[in-house]
Participant: 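Shown below is the structure under consideration.
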Amino acid sequence: MKPIFTALSLLLLLSGCSPKVLHGQTAARTLELDAGTSRAPIQPTMYGIFFEDINFAADGGLYAEMVKNRSFEFTLPKTGWLEPNTDPFSLNARSGKSDIIKTARDQANVNFLRVTVKGPDYVLLNEGFRGMGVKAGADYDLTFDAAVGAGDIRQATFALIDTAGNVLGQTTVDLAGAERKEYAGTIRSRATAAKARLRVTFTGTGVVDLDMVSLFPRDTWKGRKKGLRKDLVQLLDDMDPGFLRFPGGCIVEGRTLARRYQWKKTVGPVADREYLVNRWNTEFDHRPTPDYYQSFGLGFFEYFQLAEDMGAEPLPILSCGMACQFNTGELVPMDELDPYVQDALDLIEFANGDVTTPWGKVRRDMGHPEPFNLKYIGVGNEQWGEEYIERYKVFNEAISAAYPDIVIVSGSGPFPDGEFFEYGMQQLTDLGAELVDEHYYRSPEWFRENATRYDDYPRDGPKIFAGEYAAQSVAIASPDNKNNWNTALSEAAYMTGMERNADLVVMTSYAPLMAHAEAWQWTPDMIWFDNLESYGTANYYVQKMYANHAGTDLLSVTEGGEPLTGREDLYASAVKDTERKELYLKVANTGREPQRLSVDLKGARAGASVRVLTMASDDLEAVNSFSAPTRLSPVESTVSLQGNTLDVTVPSHAFVVYTFTLQ
Ligand code: AHR
């Protein structure tokens, strides 16, 4: 055999062909797919969602409030509010004025707007979050607090207007009484507009105080009043996510400790939630968004509720007493850590405690007496160094003592290798950490070359949570990064490696999740939206294909007894779902040639028809967009099984999921 093989190889070499292509005909590669032996259970948490309020993902995004700075609490309290033509001689200025009044009312909502109306032409506008998206025939629910002062102001009219000033719909609300109270109305829009604004005018003259001016689409996720944007949650829900990690990301840490995320300030009545400037507002010179704040209308209760709606495990991440080390790196002294640890303990009580406990009662008062069944809690985001480890130990001890069943998620820093990573991982392993979060924002090549990353990880150390990852087409945090097919295909290839190691890797999530097309700071992102529409990127569809075919048991798929980890551009993993009685074979072909496969199914019998979901494009720069939202998305077909053999051709630059029906 040997001389013949050598002669053939020489012939191929001389003809300039790769070994698998002869006269344009690709030889089939034989894969053995063993459906009989479960190698490991696939955890239901395997494919989940990482949510962070970056890129206007919460206010101006998922949280459907349309009025920016509804309670006048931004640092510049009139941000978002316009009085057209402030020239003192203008008609508007002659017709009225507005002033911010600071009260000592409470800590959270100190400002209101005092409007003095001198004539019918006075106009106040709210610009929304880069405008307001309104749809023809849809209803918008208005609420606001008002107190009528001196004069005879009898009515306020709220109108949605388009950029030309045309009224799209309006409501007039009668006002009465010097007591501050809540008023409500509904505006039905007669047309669709992407950049509407809310115009406020008054009947009568005098003084009126306004606060909490709020406008929401009625059509929210699950029809909840003042709820979440339906299209965006739908995209998330369609993924069948195994968990929802919130609220970030670096936003957990804050640039300074004072500006860290404090969950206790995000629950209870919405009007009492203290505003906080968003840490991403001016983080990058390339995308400053100084008007980026957190109203916390989407707070911890709403995150838990969202996780519950989607059947996902909630995974809150808390500050461990360290501000972002890329910014100030401020540290809470070790002997002052108690309040931070108490926040973690109280959060577990808020989520799971009986309604007779102080924090369980808060949950009940918000309308959820049943526990949220929290199982995981994260200590710190992507901290590194000794300072992290010593703080982690304190949290670990306190949480484990009070709640031994809660799994503590610790972090290995911002990079997947190097000094911080090695140190953190070693320390956490020595401390017996259960689940360690890894982050990697690397090139597409890195993803393709590291599909074997977990093959040699120790099995007696912590389990792995790949909590933030995304292939960067240019460089980390470059504003030129694109969600192109090259990045998504490279992630798909890499993910076969995570899946093959599902005994170790038990949670994974792409990051960041969402971006407003006109207000983002960080790219790439899994989902893009504007005020009217949203679309999933190629990366989203790859995530969805994995999550929708997560399975319950890991199987082995090999070529010549070896796993497929990039040899001649092919990557593969396989799982079966014992409840659905299905088997999912995932194959990524990162090469320029189609690949013929002959898959031998062993250890089970399957129905003749195999469902095929294919994402493929030879244009590696291709992206989805508002005008072509599904350009890169799975295309469905079927193929027949011959006996127990599947003969298929995987297109070039393709990711394919084959679904076998087990008998
Ligand atoms: O996903 C964007 C940021 O990247 C996250 O906030 C942070 O954890 C990471 O550095």
Side-chain angles (χ1 to χ4, degrees), residues 48-58 61-62 236 243-256 259-261 276-284 286-287 289 292 294 303 315-320 322-329 378-385 388 392 409-418 420-421 424 435-443 446-447 464-483 487 491 507-516 519-528 537 539-540 543:
I49 289 174
F50 162 94
F51 183 89
E52 175 165 23
D53 187 6
I54 183 172
N55 303 317
F56 278 45
L62 194 59
L236 303 182
F243 65 88
L244 173 68
R245 167 180 162 159
F246 56 88
C250 293
I251 208 158
V252 168
E253 310 158 34
R255 284 200 226 173
T256 60
R259 291 187 177 174
R260 72 189 185 280
Y261 196 105
L276 183 64
V277 65
N278 189 298
R279 60 140 298 135
W280 294 107
N281 69 339
T282 50
E283 180 78 14
F284 298 120
H286 57 250
R287 300 287 304 182
T289 44
Y292 195 4
Q294 300 174 85
Y303 284 126
L315 169 49
I317 309 282
L318 298 187
S319 161
C320 65
M322 300 175 75
C324 181
Q325 289 161 283
F326 289 115
N327 302 136
T328 64
V379 174
N381 171 43
E382 56 178 25
Q383 270 66 51
W384 65 81
Y388 175 60
Y392 162 77
V409 179
S410 50
S412 59
F415 311 119
D417 45 33
F420 297 155
F421 176 81
L435 186 52
V436 177
D437 182 12
E438 296 188 350
H439 293 180
Y440 22 94
Y441 296 95
R442 293 286 165 112
S443 68
W446 184 93
F447 278 84
I464 299 301
F465 169 29
E468 291 185 32
Y469 68 88
Q472 314 285 298
S473 63
V474 178
I476 183 165
S478 164
D480 298 324
N481 284 331
K482 297 280 181 282
N483 284 100
T487 61
E491 288 153 9
M507 286 181 155
T508 64
S509 44
Y510 182 97
L513 182 66
M514 289 183 186
H516 190 301
W520 57 271
Q521 299 81 44
W522 180 296
T523 179
D525 303 287
M526 198 164 86
I527 290 168
W528 287 81
T537 58
N539 314 72
Y540 166 82
Q543 292 290 322

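Both ligands and their constituent atoms are indexed starting at 1 by order of listing. In this text, all values refer to a predicted model and were calculated from it rather than measured experimentally.
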Participant: Kindly determine whether R245 and F465 satisfy side-chain contact (heavy atoms from CB on, under 4.5 Å), including the steps that lead there.
Facilitator: CA-CA 11 Å; R245 167 180 162 159; F465 169 29; 3.6 Å; yes

Participant: Can you name the atoms of ligand 1, numbered from 1 with element, that are less than 4.0 Å from a heavy atom of P512?
Facilitator: 1 (O), 2 (C)

Participant: Does ligand 1 have a heavy atom under 4.0 Å from the side chain of N381, from its backbone, from both, or from neither?
Facilitator: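 For N381, the contact with ligand 1 is made by the side chain alone.
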
Participant: Between F326 and ligand 1, which residue portion shows a heavy-atom distance shorter than 4.0 Å: side chain, backbone, both, or neither?
Facilitator: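 It is neither part, as no heavy atom is under 4.0 Å.
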
Participant: Can you pull out the closest protein heavy atom to atom 8 (O) of ligand 1? Residue, atom name and distance to 0.1 Å, please.
Facilitator: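 Atom 8 (O) of ligand 1 sits closest to the protein heavy atom E468 OE2, 2.7 Å.
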
Participant: State whether a side-chain donor-acceptor pair under 3.5 Å links Q543 with E491.
Facilitator: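 Side chains of Q543 and E491: no pair found under 3.5 Å.
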
Participant: Under the side chain to side chain donor-acceptor pair (under 3.5 Å) test, which residues partner T282, sequence neighbours left out?
Facilitator: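 Partners of T282 under the side chain to side chain donor-acceptor pair (under 3.5 Å) test: R255.
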
Participant: From the options F50, W522, Y441, select the one whose nearest heavy atom is closest to atom 1 (O) of ligand 1.
Facilitator: Y441

Participant: Taking side chain to side chain donor-acceptor pair (under 3.5 Å) as the definition, give me every residue that meets it alongside Q472, ordered by chain and number, with sequence neighbours left out.
Facilitator: N481

Participant: Hey, what do you get for CG (D525) to CG (N539), rounding to the nearest 0.5 Å?
Facilitator: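 Result: 9.5 Å between the selected atoms.
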
Participant: Just to verify, which of Q521, H516, E283 counts as forming a side-chain contact (heavy atoms from CB on, under 4.5 Å) with T289?
Facilitator: Q521

Participant: For ligand 1, is there an N or O atom under 3.5 Å from any N or O atom of A511?
Facilitator: no

Participant: Tell me which protein heavy atom sits closest to atom 10 (O) of ligand 1, plus the residue, atom name and distance to 0.1 Å.
Facilitator: E382 OE2, 2.5 Å

Participant: Under a 3.5 Å cutoff, is there a donor and acceptor pairing between the side chains of D53 and Y292?
Facilitator: yes

Participant: Considering only heavy atoms, does W280 approach ligand 1 within less than 4.0 Å through its side chain, its backbone, both, or neither?
Facilitator: side chain

Participant: Could you tell me the residue and atom name of the protein heavy atom closest to atom 6 (O) of ligand 1, and the distance to it rounded to 0.1 Å?
Facilitator: E52 OE1, 2.5 Å

